[in-house]
Amino acid sequence: MKPHQIPQLLFKYRVVVMAAAIVVLGLTGMFSVYAHQQRPTQADTVAANQAATPHQIKQQQRHLKARLKKYLTHLTADGTTSVSFYNLGPIAGSSAAKSPLARQFYRRGQLAVSANAHTPVVSASTYKLFIAAYLFHLNHQGQYTWDTTSQDGFHRMIVNSENDFAEGILDTYGLAGIDNYIGSQNYYAPLFIANQEAMTTAASLTKLLVRLDRAQAPFNHAHDRSWLLSLMKQQVYRTGIPAGASAAKAGTTVADKVGFLGDTNNDAAIVTLPSGQRYVLVIMTHGHGQTGFSGFPRMAKITTHIQKLMYGATATQKLH
């Protein structure tokens with residue numbers, strides 16, 4: 001074929017050439033769309049998360065609780081340690097809350113596990129959380145008024161764990177009256193007995209912190225709740241649960257109240273992970289030759305282990 005004949009042939013068969021071009025372009029577009037659809041997207045991941053059935057979720061929850069229970073049973077076997085873990089579920093709007101699987105798997109209270117948590121032990125300064133609850137209750141009833149002096153005392157009671165303000169409240173309102181209120185809220189009572197150390201349980205502290213998180217009475221006034229949580233985040237003794245939670249996941253925040261007296265080292269906390277997942281953890285220890293704050297590093301290690309177990313990559317791995 002001579003070169004000058006090519007344009008003539010293209011013109012002659014122009015309809016066929018155009019049709020072929022359209023077919024080629026259409027097939028190219030189809031393959032492009034298909035290839036794009038085969039790439040996993042965030043929606044695909046969410047769909048995969050949704051694929052876990054309620055039965056599978058329950059099964060994995062039982063498995064995880066059994067692992068934690070085994071660990072806590074061993075940990076508390078000698079009677080010198082009490083531990084209570086209660087998952088609160090994710091914060092609304094957080095990355096965890098946006099995951100259907102995370103919302104279902106970590107639904108509030110579904111993973112709660114404890115050991116030796118109903119055994120009364122020396123409270124040390126964790127009792128000040130019950131003093132806070134009592135004062136909020138009185139204030140809501142119009143029986144207590146905050147002023148600059150009382151606000152400063154309350155601040156030092158929570159942040160620095162100073163005793164003078166709390167002891168003044170006990171003297172003013174009497175042990176029996178405060179114990180009656182504590183008992184009416186289904187916390188362990190009597191917490192206060194004359195000439196004895198204050199006693200409570202990990203279960204009672206857990207119940208109080210869950211109510212604080214849920215803004216239930218007497219923590220149902222936004223200002224009171226925000227104030228107390230802010231002070232707990234500022235408290236200065238942070239080598240227990242706060243240190244352990246941060247070691248497990250950088251960026252984790254902790255609002256807690258510690259107690260230390262003789263060989264007793266306690267910590268009661270609300271923990272929030274960067275993902276928005278939250279949990280309550282109470283660890284109460286004594287014995288083991290503890291003095292000062294020597295038991296706090298042990299509580300940190302316990303916290304790290306629990307947080308990694310319950311919120312680490314393997315917690316829901318079988319459901320993906």
Side-chain angles (χ1 to χ4, degrees), residues 91 122-185 187 189-195 197-200 204-242 253-261 264-272 278 280 282 292-293 296:
I91 297 173
V122 173
S123 166
S125 285
T126 61
Y127 80 79
K128 292 164 185 173
L129 289 173
F130 296 99
I131 294 292
Y134 181 65
L135 289 178
F136 288 163
H137 164 72
L138 290 182
N139 178 252
H140 302 167
Q141 300 297 313
Q143 300 174 36
Y144 186 83
T145 302
W146 294 103
D147 57 23
T148 302
T149 301
S150 59
Q151 287 175 348
D152 176 67
F154 188 85
H155 181 283
R156 290 184 289 104
M157 179 181 79
I158 300 298
V159 174
N160 304 101
S161 203
E162 293 184 11
N163 297 326
D164 56 343
F165 179 76
E167 290 173 353
I169 295 300
L170 292 171
D171 290 340
T172 299
Y173 293 94
L175 305 186
I178 298 174
D179 275 331
N180 285 340
Y181 170 74
I182 292 170
S184 73
Q185 301 303 298
Y187 301 130
L191 173 59
F192 303 107
I193 298 177
N195 303 315
E197 301 296 349
M199 304 286 285
T200 191
S204 282
L205 285 164
T206 298
K207 184 179 293 185
L208 182 147
L209 291 176
V210 170
R211 290 178 179 175
L212 175 59
D213 177 75
R214 298 185 66 185
Q216 294 178 331
F219 308 110
N220 53 329
H221 288 207
H223 174 269
D224 292 348
R225 179 175 177 273
S226 177
W227 183 29
L228 179 56
L229 285 170
S230 174
L231 296 179
M232 290 170 66
K233 289 176 183 177
Q234 297 174 53
Q235 75 85 15
V236 299
Y237 303 101
R238 309 200 69 79
T239 56
I241 292 177
T253 60
V254 179
D256 66 320
K257 182 70 194 77
V258 301
F260 47 92
L261 179 68
T264 293
N265 284 175
N266 300 332
D267 206 348
I270 296 175
V271 182
T272 304
R278 298 167 305 130
V280 166
V282 177
F293 304 98
F296 277 66

Engineer: Can you tell me how the ring of F154 sits relative to the ring of W146, calling it parallel under 30°, perpendicular over 60° and tilted otherwise?
Structural biologist: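 Correct class here is perpendicular.
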Engineer: Got a second to check how far H137's NE2 is from Y144's OH, nearest 0.5 Å?
Structural biologist: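 With rounding to 0.5 Å, NE2 (H137) is 14.0 Å from OH (Y144).
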Engineer: State, to 0.1 Å, how close A189 and I182 come at their nearest heavy-atom pair, and which atoms those are.
Structural biologist: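 So the minimum-distance heavy-atom pair works out to CB-CG2, 4.4 Å.
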Engineer: Are L205 and S123 packed together at the side-chain level, in the sense that at least one heavy-atom pair is separated by less than 4.5 angstrom?
Structural biologist: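 When only atoms from C-beta onward are counted, S123 and L205 do not touch, as no gap falls below 4.5 Å.
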Engineer: In the structure I gave you, are the side-chain heavy atoms of M199 and I193 within less than 4.5 Å of one another anywhere?
Structural biologist: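 A side-chain contact under 4.5 Å is absent here.
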Engineer: Could you tell me whether the side chain of Q235 and the main chain of L231 form a donor-acceptor pair under 3.5 Å?
Structural biologist: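 No, Q235 side chain to L231 backbone: no donor-acceptor pair under 3.5 Å.
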Engineer: Starting from the C-alpha separation in whole Å, work towards a yes-or-no answer on ring-ring contact (aromatic ring centres under 6.0 Å, His included) for Y127 and F192.
Structural biologist: CA-CA 9 Å; Y127 80 79; F192 303 107; 5.4 Å; yes
Engineer: Quick one: closest heavy-atom pair of L175 and L170, and the distance?
Structural biologist: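 Closest heavy-atom pair between L175 and L170: CD2-CD2, 3.9 Å.
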Engineer: Please confirm whether the backbone N or O of Y181 pairs with a side-chain atom of S184, one donor and one acceptor, at under 3.5 Å?
Structural biologist: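 Judged by distance alone, yes, a pair lies under 3.5 Å.
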Engineer: Taking atom types as modelled, find out whether S150 and D147 have a side-chain donor-acceptor pair closer than 3.5 angstrom.
Structural biologist: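 Yes.
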Engineer: Between the side chain of S226 and the main-chain N/O of A222, is any donor-acceptor distance below 3.5 Å?
Structural biologist: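 The answer is no, because no donor-acceptor pair under 3.5 Å joins these two groups.
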Engineer: Given the side-chain rings of Y237 and F293, with only the six-membered ring counted for Trp, is the space between their centroids under 6.0 Å?
Structural biologist: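 Between F293 and Y237, which both carry aromatic rings, the centre distance is below 6.0 Å.
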Engineer: Quick check on side-chain contact (heavy atoms from CB on, under 4.5 Å): which of V271, D213, T206 does V280 satisfy it with?
Structural biologist: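 Of the listed residues V271, D213, T206, the side-chain contact (heavy atoms from CB on, under 4.5 Å) partner of V280 is T206.
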Engineer: Decide yes or no for F136 and L212: does some side-chain heavy atom of the first lie under 4.5 Å from some side-chain heavy atom of the second?
Structural biologist: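 The answer is no; the side chains never approach within 4.5 Å.
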Engineer: Y134 and G177: which non-hydrogen atoms are nearest, and at how many Å?
Structural biologist: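 Minimum heavy-atom contact is CE1-O, 4.4 Å.
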Engineer: Check whether any side-chain heavy atom of I178 lies under 4.5 Å from a side-chain heavy atom of L191, and answer yes or no.
Structural biologist: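 Of all side-chain heavy-atom pairs linking L191 with I178, none is under 4.5 Å.
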Engineer: Distance-only, no hydrogens or angles: does the D224 side chain make a donor-acceptor pair with backbone N or O of F219 under 3.5 Å?
Structural biologist: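 Judged by distance alone, no pair lies under 3.5 Å.
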Engineer: For N266 and F296, which heavy atoms make the closest approach, and how far apart are they?
Structural biologist: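 For N266 and F296, the tightest heavy-atom pair comes out as O-CZ, 4.0 Å.
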Engineer: Restricting to non-hydrogen atoms, name the atom on P218 and the atom on H140 that form the minimum distance, rounded to 0.1 Å.
Structural biologist: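 Nearest pair, atom of P218 first, then H140: O-CE1, 3.0 Å.
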Engineer: Give, for atom CD1 of I131 and atom OG1 of T126, the distance between the pair rounded to the nearest 0.5 Å.
Structural biologist: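 With rounding to 0.5 Å, CD1 (I131) is 11.0 Å from OG1 (T126).
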Engineer: Using side-chain heavy atoms (C-beta onward) and a distance below 4.5 Å, is N163 in contact with S125?
Structural biologist: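 Yes. Closest side-chain heavy atoms under 4.5 Å.
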Engineer: If every non-hydrogen atom of E162 is compared with every non-hydrogen atom of K128, which pair is closest and at what distance?
Structural biologist: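 Shortest heavy-atom separation between E162 and K128 comes out as O-NZ, 3.2 Å.
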Engineer: Rounded to the nearest 0.5 Å, how far does CG of L229 lie from CD of Q234?
Structural biologist: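 Going from the CD atom of Q234 to the CG atom of L229 covers 11.5 Å.
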Engineer: On the 0 to 90° scale, with breaks at 30° and 60°, tag the F130-Y187 ring pair as parallel, tilted or perpendicular.
Structural biologist: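 Answer is perpendicular, since the angle exceeds 60°.
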Engineer: Does the side chain of K257 pick up a donor-acceptor pair with the side chain of S161 at under 3.5 Å?
Structural biologist: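 Yes, because at least one side-chain N or O of K257 sits under 3.5 Å from a partner of the opposite role on S161.
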Engineer: Would you compute the distance between atom CD1 of I158 and atom CG of L129 and round it to the nearest 0.5 angstrom?
Structural biologist: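 If I round to the nearest 0.5 Å, the distance is 5.5 Å.
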Engineer: Atom CD1 in I241, atom CG in D267: separation rounded to 0.5 Å?
Structural biologist: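 It comes to 4.0 Å.
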Engineer: Report yes or no: does R156 contribute a side-chain atom to a donor-acceptor pair with the main-chain N or O of D164 at less than 3.5 Å?
Structural biologist: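 Side chain of R156 to backbone of D164: no pair is present.
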Engineer: Please tell me if the side chains of D152 and F165 come closer than 4.5 Å, counting only heavy atoms from C-beta onward.
Structural biologist: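 No, too far: nothing below the 4.5 Å cut-off.
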Engineer: Measure from the side-chain N and O atoms of R214 to the backbone N and O of N220, and report whether any donor-acceptor pair falls under 3.5 Å.
Structural biologist: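 Not at all, since once roles are kept as given, no pair shorter than 3.5 Å links the two residues.
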Engineer: To the nearest 0.5 Å, how far apart are OG in S204 and CD in Q185?
Structural biologist: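 Interatomic distance, S204 OG to Q185 CD, rounded to 0.5 Å: 11.5 Å.
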